[in-house]
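To start, the structure under review is shown below, and the notes come after it.
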Amino acid sequence: MANADRGGRPAEALGATAVGTVQARVRVARLGLWLVVAVLALRQVAVVLSTPRGERLTDLETWVGPNGVLHVKGSLYDSTQFTGTPFGGLVLKPLTRAAEQALGWGWTFGTLLLVVALGLVAARALPQPVSRRTSLLAAPVAISLLMLSLPVRNTLYLGQTSIMPVLLVLLGCFAVRGERTSGVLIGVAAALQPTLLLFTPLLWFTGRRRAALSTGVTFAACTALAWAAMPRDSYTYWVHHMAGVGLGGRADDLGNQSLHGALLRLGLTGPLEIALFLLLGAAVAVLALRRAVRYAHDGQLLLAVAVTGCAAIVVSPTAWQHQLLWVLLAIVGQVGRRDSDRYVWPVAVILIMTLPARMMVPDKLILHPLRADLVLLAALATAAVVPFLSRTSQYWQTPIPTQYATPVPSRFRHIPLVPFLRRVITRPNLLFELLLIRVTYYAYAQIRLAAAGGSNSAGRVTAEEHGEEIYSIERALHIDIERWANHAVVQVDWVRNFFDFYYESFHFGVPLAILAVLYWRRPVDYRWARTAIGFATVFALIGFWLYPLAPPRLMPGLGFIDTVHGPQNFTRPDYGTLTELTNQYAAMPSLHFGWSLWCGLVVLILAPRWWMKALGLLHPLFTLTAIVVTGNHWVLDAVGGAVVVGAAFGLTHVLSGRRAHAPDVAGNAPRTDVGEAHSGGARSRA
């Protein structure tokens with residue numbers, strides 16, 4: 001009876017039931033992930049095959065189509081349309097007739113099969129030990145990430161062959177038996193992309209010397225075969241263009257994510273640029289190979305392969321987007337001693353490899369170099385900078401656990417609704433927060449832009465009708481003060497200039513400043529405040545979508561003066577509708593006032609002194625005045641902003657309970673009223 005629970009069931013039976021439940025959940029999750037893979041594959045096929053014939057598979061059409069360069073009896077490089085090695089052209093030539101017959105379906109499905117094979121091999125190559133759950137879920141997750149990545153999407157859309165070299169290297173390193181066979185596969189990959197010869201020293205210094213020799217011999221044999229079959233093309237590629245330098249598009253194009261392309265974009269040209277490229281490229285290659293050898297000896301061969309592949313991107317004369325798949329493989333590296341830091345590196349890699357650079361980096365002049373070379377910087381960081389953990393590190397299996405505050409009791413039984421959302425005491429990772437803020441804001445801007453819907457003229461008509469409704473309600477409530485305030489402020493230049501400046505300058509700066517202070521001084525409150533402003537923004541987007549509203553300055557015939565943007569021409573049929581920059585009809589609710597009210601409430605709740613609280617409340621007061629007197633919002637827009645902020649704080653409370661007490665200065669050690677940090681009942685490390 002000592003081993004039985006109150007219902008008479010043995011403890012062993014309970015344990016077996018729990019294990020069975022976990023296994024069932026894993027099976028369901030695995031099935032769901034494979035369904036995701038199938039949906040992504042179908043979507044890629046639909047995108048490619050629904051594109052008009054002349055716009056899809058353009059690179060493949062250029063090579064093997066009826067007028068493709070591989071049909072031409074002259075040189076492959078008479079035009080800039082073919083940039084591969086002569087051996088690549090030799091391999092593709094016999095496929096031209098078959099490719100013509102199945103230029104859409106056959107090539108697309110064949111590429112998808114290569115992606116699946118690549119994901120399966122990568123999943124099997126994960127550094128050991130891995131849990132059974134990880135081993136079961138790794139393959140569909142890997143294939144899904146590959147499907148979503150920009151290199152694979154470009155490969156499918158353009159009809160490229162760049163997946164093949166990556167797959168050949170992974171097969172040579174992980175799938176085949178025998179060093180000679182492994183070397184042959186990697187040698188063929190190098191014959192298709194010469195910079196992959198960097199894998200030869202990796203094989204040599206990790207003890208696979210037969211594979212290294214076989215790689216070199218295979219590369220030389222393939223190159224010699226192509227030289228014998230196409231001597232003119234081989235001379236053009238290897239001698240005249242020095243391993244393909246100068247072939248294809250302009251090397252300083254944004255699509256070229258190699259070090260050579262970055263230096264050209266910085267304005268360096270001629271012998272200086274060449275010397276600097278060779279010097280820096282050699283340094284990166286040596287450092288990357290040393291790191292790769294160390295990771296290979298540590299049992300992380302897949303990470304070693306990713307580091308070497310990223311070095312090949314950096315030192316290549318041209319590395320177009322469809323050739324950048326090596327960066328995604330670096331996701332297997334573990335970075336950070338803290339448990340909360342473990343997700344930063346993989347999330348950053350996934351975002352960089354799946355989202356356009358314009359989503360990751362704001363369009364500011366000072367950030368243009370970062371925006372232009374984002375993938376190159378990721379490859380460079382992987383090859384030479386990021387301190388990946390060794391498997392012998394004490395933090396490999398047991399990172400420093402996350403510290404949590406003691407939950408604050410609530411008056412209501414079912415709050416918090418989501419108990420696992422415990423208040424974290426430790427400061428979140430700054431890079432992760434910046435990525436989150438940037439991607440979230442870009443998504444917000446795009447949704448706000450699309451909220452007008454329909455045509456420009458239709459969006460304007462609907463928004464103006466809603467404007468008349470709001471104006472009528474305000475007149476009925478006797479709060480229609482917008483026109484009076486607008487004309488009163490216009491009469492006093494310094495007042496007008498002040499509120500114009502306040503409207504334009506404080507909307508983003510004050511919330512970001514408050515978040516920065518909370519992040520540094522009070523991490524517990526930072527997470528609470530960040531969640532609230534996030535919910536408020538989501539609710540506002542719903543309002544923009546459901547109720548497009550013309551602000552007072554865009555209502556013709558009412559006599560409002562646009563003090564910020566200047567006189568407007570209402571005779572233009574699409575004036576004031578959706579533009580390339582912003583949705584002019586996203587007025588209800590007012591996020592100008594909503595975010596300022598969030599600032600005021602956060603300062604009111606958290607500020608330690610009364611004068612700070614009073615100063616914080618001045619911001620929403622000034623913002624309310626500014627949005628009304630400049631003609632950018634109705635008074636009821638501010639009411640809507642207050643509603644979404646109140647709903648956001650309410651939802652935050654419902655989901656995660658009452659706000660936890662803040663830790664001491666800088667968030668380094670919790671006070672006694674916060675409670676002991678815990679992780680599975682164990683005291684966290686110092």
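Each residue takes its place number in the sequence, starting with 1.
- Considering OH of Tyr395 and CD1 of Ile400, their distance stands at 4.5 Å, rounded to 0.5 Å.
- Within the 4.5 Å cutoff, no side-chain heavy atoms of Pro140 are placed close to those of Val36.
- Looking only at side-chain heavy atoms (C-beta outward), Leu33 and Leu137 come within less than 4.5 Å of each other.
- Counting non-hydrogen atoms of neighbouring residues, nucleotides and ligands closer than 6.0 angstrom, the CZ atom of Arg294 exceeds 12 such neighbours.
- Atom CZ of Arg43 sits in a sparse spot, with 12 or fewer heavy atoms from other residues, nucleotides or ligands closer than 6.0 Å.
- For CZ of Arg265, the number of neighbouring non-hydrogen atoms (other residues, nucleotides, ligands) closer than 6.0 Å is greater than 12.
- Two residues are said to be in side-chain contact when any heavy atoms from C-beta on lie closer than 4.5 Å; Arg337 and Pro399 fail this criterion.
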- Message: Would Tyr235 and Trp227 count as a ring pair (Phe, Tyr, Trp, His ring centres under 6.0 Å) here? Give the steps.
- Response: CA-CA 8 Å; Tyr235 178 84; Trp227 200 293; 7.1 Å; no
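- Taking the ring centroids of Phe199 and Trp326, they lie under the 6.0 Å cut-off.
- Using a 3.5 Å distance cut-off with no hydrogens or angles, the side chains of Gln334 and Arg342 do pair a donor with an acceptor.
- For the pair Ile186 and Leu168, the minimum side-chain heavy-atom distance is 4.5 Å or more.
- Put simply, the side chain of Trp320 does not reach to within 4.5 Å of the side chain of Gln257, judged on heavy atoms.
- Residues Arg209 and Glu179 have side chains not in contact (no heavy-atom distance under 4.5 Å, counting atoms from C-beta outward).
- Considering only heavy atoms from C-beta on, Leu376 stays 4.5 Å or farther from Ser258 through its side chain.
- Nearest heavy atom pair, residue Ala306 against residue Thr382, reads O-CG2, 4.4 Å.
- With values rounded to the nearest 0.5 angstrom, Leu112 atom CG is found 9.0 Å from Leu42 atom CG.
- Two residues are said to be in side-chain contact when any heavy atoms from C-beta on lie closer than 4.5 Å; Met164 and Leu114 meet this criterion.
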- Query: Hey, mind stepping through Thr200 and Thr215 against side chain to side chain donor-acceptor pair (under 3.5 Å) and telling me if it holds?
  - Reply: CA-CA 7 Å; Thr200 304; Thr215 297; 4.9 Å; no
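- Each of Val327, Leu150, Ile331 was compared with Met353 under the side chain to side chain contact (heavy atoms under 4.5 Å, CB included) criterion, and only Val327 meets it.
- Here CH2 of Trp204 is found 14.5 Å from CG of Leu289. Values are rounded to the nearest 0.5 Å.
- Under 3.5 Å, the side chains of Asn256 and Thr318 contain no donor-acceptor pair of N or O atoms.
- Taking each heavy atom of Val315 and Phe277 in turn, the nearest pair found is O-CZ, 3.2 Å.
- No more than 12 heavy atoms of other residues, nucleotides or ligands sit less than 6.0 Å from atom CZ of Arg124.
- Between the side chains of Thr195 and Ser316, no donor-acceptor pair of N or O atoms lies under 3.5 Å.
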